[in-house]
Amino acid sequence: MAQPSERVQTMMRRFEEQAAQVGQLREKMQEIRGQARSSDGAVLVTVAPSGAVMDLQLSPDAVRQSHTALQRSILGAIREATQDAAQQMDDTVQPVLGDRAEQFKNAFNAHSAGGVDPAGTGSNSEPARRPDDNGECEDDFSGDSFLR
């Protein structure tokens, strides 16, 4: 049987290893940027892991579109960039967290949404839905990723 001091030292080593992993994970997460270009190449969007738009570049061709076409291009590029950031986040945290990655994802989504699920069910409200020109709704962001 291990002595109490040996157990404490073992626990401290594990804690220090976990703290180092968390620090590395945090650094990697801060570097993540999702990026997407519209199908016509007129719009380029870069987003942070939170889904915040960090950069929006419009080519001269972008202003030659109708305002509704430009709006669709921008929103589509934001959606794709957010999905790109979400995939990068998945790829970054999965190797470190393993089976706890899903729990982390739920906590991250609750924090990004600005609050915690009041019912305590672990789920957040449905993603925003906006009608397109044909009156049909399309999810703005994937519900099964880190970012909405």
Check: For Gln21, does the CD atom sit with more than 12 other heavy atoms under 6.0 Å from it, leaving out its own atoms?
Finding: yes
With a 4.5 Å cut-off on side-chain heavy atoms, are [Y] and [X] touching?
{"X": "Met29", "Y": "Val93", "value": "yes"}
{"X": "Asp61", "Y": "Asp40", "value": "no"}
{"X": "Leu70", "Y": "Val43", "value": "yes"}
{"X": "Asp84", "Y": "Thr82", "value": "no"}

Rounded to the nearest 0.5 Å, what separation is found between the [atom1] atom of [X] and the [atom2] atom of [Y]?
{"X": "Glu80", "Y": "Arg37", "atom1": "CD", "atom2": "CZ", "result": "11.5 Å"}
{"X": "Arg72", "Y": "Ser66", "atom1": "CZ", "atom2": "OG", "result": "6.0 Å"}
{"X": "Ile32", "Y": "Gln87", "atom1": "CD1", "atom2": "CD", "result": "10.5 Å"}
{"X": "His67", "Y": "Gln71", "atom1": "NE2", "atom2": "CD", "result": "7.5 Å"}
{"X": "Ile74", "Y": "Leu58", "atom1": "CD1", "atom2": "CG", "result": "5.5 Å"}
{"X": "Ser5", "Y": "Met12", "atom1": "OG", "atom2": "CE", "result": "13.5 Å"}

Next item on the list: Test Val53 against Thr46 for side chain to side chain contact (heavy atoms under 4.5 Å, CB included), laying out the working first.
Entry: CA-CA 6 Å; Val53 176; Thr46 304; over 6 Å; no
Check: Is Leu44 linked to Leu56 within one hydrophobic cluster, defined over Ile, Leu, Val, Met, Phe, Trp and Tyr using a side-chain heavy-atom separation of less than 4.5 Å?
Finding: no
Checklist line | Donor-acceptor under 3.5 Å (Ser38 side chain, Ser73 main chain) | finding: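 No.
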Check: Judged by modelled atom types alone, do Asp55 and Gln35 share a side-chain donor-acceptor pair under 3.5 Å?
Finding: no
Margin query: Ignoring hydrogens and geometry beyond distance, is a side-chain donor-acceptor pair present between Gln88 and Asp90 at under 3.5 Å?
Written below: no
Item checked: Where Ala48 and Met54 come nearest, the two heavy atoms and their spacing ->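 That closest heavy-atom pairing would be N-CG, 3.5 Å.
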Next item on the list: Locate the shortest heavy-atom distance separating Ala81 from Ala36; write the atom from each residue and the value.
Entry: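 Looks like N-CB, 3.4 Å.
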